[in-house]
Structures are given as C-alpha cells and as structure tokens.
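None of the values given here were measured: they were computed from a predicted structure. FYI, side chains are in, hydrogens and waters are out, and symmetry mates aren't considered; it's all heavy atoms of this structure.
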Amino acid sequence: MGRVLSKIISVVGARPQFVKLAAISRVIPAGVEHRIIHTGQHYDDAMSGGFFSALQIDDPVTNLHVGSGSHGTQTARMLELIETSLKDEMPDWVLIYGDTNSTLAGAIAAAKLNLPLAHLEAGLRSFNREMPEEINRVLSDHASDLCLAPSLRALEQLGHEGLRTKSVFVGDVMVDILLNEKTSIQKSPPKLPWKIESHEYAIATFHRQALTSDMPRLTQILDTLQNSEIPVYLATHPRLAKEIEQAGIEPEKGSLRLVPPLAYNEMVWALMNARALVTDSGGLQKEAFILGVPTATVRSETEWPETIDLGWNRLVWDDLSELSLFLREPPTGQVDSHPYGDGRTAQAAVDALLSWGK
Ligand code: UD1
C-alpha cells in the first residue's frame, strides 16, 4: 500500500527557481496542499517579488529573509530556518529546484529530518568543482530520494553516480513556462527599455562569481561589447552592478547600454526579437536555444551540452576575441530536436511525486 500524499513543500530562494516553481504550482492537483518556503536568498523586487506576482504564484509562502552572505554563512542560516519550518509542516515531499545555495540548504534540512526529498533538475553537471552550483547539484542529488532529470544525458549521469534506481527523466519545467509565456506575450507584448523593431541588437547578462570577480576578464568582455556592430543591452544583476561600481568602471560606451534586471516576460520578449545572446546564465542559454537565438556562453563549460551539439550555443572563455566574431556572424543551425521535453514536464514531475514508492 502506498502512502496518501497530502502535502508538498517547495523550497526556493533565487530568481530561476521562481520560474520553475511557477510551472509546478500550476499543476498540483486539488486535495494536495502545496506550501512554499522562500529562503530570501534573492530579495530585491526585480529579483524576487516581481516574479511571484508576474508568474501568478499565489500559494502560501513563508519567507525566511536570509539575504546575502558568504556561501557558508548564507547556507547555514537557511539550513537552520528551513529545518524549523519543515518540523512545523512535516510534508510528504520536500521539493528542491536547481543548484543554488537554497537548493542545498533545503536538501540537507529535509534529509536530516528523514523527510522524502525530490530534486527537480537533477543530474546536470559542469564537471567544474570550483563552481558553487556544481557542489550544490552533486550533494543535492545524492541526498535525494527522487531525482527528476531534465534531459536524457542528465539521467545517464545519475546512472554513472549510482543513482539510476531513484531517477526518472521528466524534461525541463522551464520549457513549459517559456512556451506558455511565448503565447501570451505574442497577444500582449511587454514594453522594453529600448526599441525592438529592428531586431538588430544583442542581449547580455553576467552574474556568476567566476566572471564578476575576474575584473581583467570582465573588462575585456565589456570592451568587446562596446565595440559590437549592433547595440548590446546588458541586463544588470545586482552582483554585477556592485562589482562594476566598486571597480570604478564606466561600461556605457559605444554599443553597450546597461538596463535593470528584466522581468521574466520582458526577458522572453527581448530574446524573441534579439539577434544574439551573450551570457553566463544556465537558464538563458536554454531559453535562447528553444527560441532559436544564437548564444555565446561566456564560460568554459555548460550543463546544457545539447545546445552546443545542435549548433546554437558556443562556449567563449580562453579566447575572448571569438565574442566579436560571434556578434558579426550568426550561426545557421536549426533547432530540430527537443532534448528538454515537450512543455508538459511539470505534470510529469508531479505525477512522479504522486506515484513514487506506490
Ligand atoms: C544565485 C545562484 C545561481 C543562480 C543565480 C540567479 C548560488 C550559489 N548561486 O547566484 O546559481 O543562477 O542566483 O540569479 O546560489 N544581490 C542583491 N539583491 C538580490 C540578490 C542578490 O543585491 O536580490 C546581490 C548580493 O550582493 C549578493 C550577490 O548579489 O551577495 C549574489 O547573490 P547570491 O544569492 O549570492 O548569488 P547569485 O549571484 O544571485
């Protein structure tokens, strides 16, 4: 006899997790209570509250207001507070998302309380242990009772790590939200801080520690973007804004323009009309791939190798001059495969939770 499932707790804290949460919260069946613990890792309205309202996430939320700190401090604060919340809630499943410090804290808190733990977006690897996100992924997968893989390659990786019997392929929930958003945006497009009619512009975003704290590299990238033949709009994550200000750099020269972090629908609309994307974000690489926007990923590796194999994404790291070439010559590959699911992943993930162990 399987157990009756009546309560799921989602633990989230950072921007990309709110998008994934929106997909899941839409398909939780009546009769199952879904509660949300928001660690408060992201707290600016542009990074957090705005996403909840725009994505119509209206389930009950406990906000732990943990805020910023070193990795250890931030994760430890979360762990203590999540444990207290979980003890009060005693859910049938704890669901964690992606690879942030909030993911890891949720994983440890649930595992130590012996609560059933599921990891959405399991099995992704950059094989770069210097990335805080890589540590978070590996530890979260190994602490979980159920690993929900976004691609077949991720599922295979879970197998290599001895986790195959507790893993299932469901696809990527970000595809669900993206396809949904694309349809509603076409009906009522949001307003952007620049004119999009010409389609002759690129979008840029950078937020990873490895890049924002490497001033010589960052300066070289900004310099290349300033010299681009088409305008480049850099949507500025607060971490990047702080680093640029502290270094006393003046990035708005030539073709480069800074804009605030975009709301989700604004970013999708901006991408749908862009000629290219330059980013270090995991989520955006994949969204651009699905929308058919050529991308240069400013990293030495990616968790989404299918985007490269299919010709839409290129890693630019050792030789930054490839960035200027990239902005001149868009690739011609077609998206002819859907390695990340068909837009019905959230349902598959929730079905897996409901039926697991029965
Ligand atoms: C985190 C995740 C990363 C994810 C990204 C999405 C980890 C280790 N990294 O990186 O995987 O892709 O979120 O954005 O969890 N800050 C603000 N306001 C905010 C949020 C952050 O000012 O609302 C500033 C703070 O100075 C903070 C810095 O940004 O110290 C970095 O934030 P943090 O949450 O540590 O990591 P992210 O770079 O956002």
Side-chain angles (χ1 to χ4, degrees), residues 2-42 48-66 78 81-100 102-111 113-122 140 143-150 168 170-178 180-181 264 341 343-358:
R3 60 206 170 92
V4 178
L5 183 75
S6 61
K7 194 196 270 188
I8 299 172
I9 296 273
S10 284
V11 179
V12 292
R15 186 169 54 173
Q17 292 167 329
F18 309 143
V19 180
K20 294 166 199 164
L21 170 67
I24 292 292
S25 63
R26 288 175 195 181
V27 298
I28 301 278
V32 176
E33 193 185 355
H34 181 216
R35 295 180 63 81
I36 297 161
I37 298 178
H38 181 340
T39 62
Q41 177 171 354
H42 283 175
S48 174
F51 276 71
F52 273 76
S53 45
L55 293 166
Q56 293 164 354
I57 307 169
D58 55 10
D59 290 286
V61 174
T62 306
N63 193 318
L64 305 178
H65 297 291
V66 161
M78 291 176 190
L81 296 170
I82 295 171
E83 182 181 66
T84 307
S85 289
L86 289 181
K87 272 187 183 160
D88 291 342
E89 300 278 359
M90 292 311 278
D92 302 296
W93 275 111
V94 177
L95 183 57
I96 52 172
Y97 301 69
D99 59 14
T100 72
S102 301
T103 315
L104 177 62
I108 300 173
L113 290 171
N114 286 323
L115 289 170
L117 174 69
H119 184 204
L120 188 78
E121 209 182 70
S140 297
S144 292
D145 301 290
L146 173 59
C147 291
L148 301 163
V168 282
V170 288
D172 182 356
V173 291
M174 284 182 108
V175 177
D176 302 19
I177 290 290
L178 179 62
N180 225 300
E181 202 67 31
Y264 182 68
R344 281 173 294 185
T345 288
Q347 189 63 58
V350 170
D351 287 349
L353 292 182
L354 295 174
S355 60
W356 197 252
K358 287 197 171 164

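The environment of Arg344 atom CZ is sparse: at most 12 non-hydrogen atoms of other residues, nucleotides or ligands sit within 6.0 angstrom. Around NZ of Lys87, the count of heavy atoms belonging to other residues, nucleotides or ligands within 6.0 Å does not exceed 12.
Within the 3.5 Å criterion, the main-chain N or O of Ala14 finds no donor-acceptor partner in the side chain of Gln41. A donor-acceptor pair under 3.5 Å is absent between the side-chain atoms of His65 and the main chain of Gly40, judged by distance alone. Of the possible donor and acceptor atoms, one in the side chain of Gln17 sits under 3.5 Å from a partner among the backbone N and O of Gly13. A side-chain donor-acceptor contact under 3.5 Å links Thr345 to the backbone of Val170.
When all heavy atoms of Gly98 and Thr103 are compared, the closest pair comes out as O-CG2, 3.3 Å. Contact between Val32 and Leu354 at its shortest, heavy atoms only, is CG2-CD2, 4.3 Å. The nearest pair of heavy atoms linking Ala122 to Pro150 is O-CD, 3.1 Å. Minimum interatomic distance between Arg35 and Glu89 (heavy atoms only, all atoms of both residues): NE-OE2, 2.8 Å. Annotation for Ser102 and Thr39: closest pair OG-OG1, 2.8 Å, computed over non-hydrogen atoms.
Looking at Pro91 and Leu86, their side chains come closer than 4.5 Å, going by heavy atoms from C-beta outward. Leu178 has its side chain within reach of Tyr264: a pair of non-hydrogen atoms, C-beta onward, lies under 4.5 Å apart.
Separating the CZ atom in Arg15 from the OG1 atom in Thr100 is a distance of 12.5 Å, to the nearest 0.5 Å. In this structure, the separation between CG on Leu115 and CH2 on Trp93 is 11.0 Å, given to the nearest 0.5 Å. With rounding to the nearest 0.5 Å, the separation of CG in Leu148 from CG in Leu353 is 6.0 Å. Between the CD1 atom in Ile57 and the CD1 atom in Ile24 there is a gap of 11.0 Å [rounded to 0.5 Å]. Atoms CD and CZ, from Gln56 and Arg26 in turn, are 6.5 Å apart once rounded to the nearest 0.5 Å.
Relative ring orientation between His38 and Phe52 is described as parallel, the plane-to-plane angle staying below 30° on a 0-90° scale split at 30° and 60°.
Leu117 pairs in a side chain to side chain contact (heavy atoms under 4.5 Å, CB included) with only one of the listed residues (Leu95, Ile96, Val11), which is Ile96.
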* Begin with the C-alpha distance, continue with both residues' side-chain angles, and end with the deciding distance and a verdict on side chain to side chain donor-acceptor pair (under 3.5 Å) for Ser6 and Asp92. => CA-CA 7 Å; Ser6 61; Asp92 302 296; 3.2 Å; yes

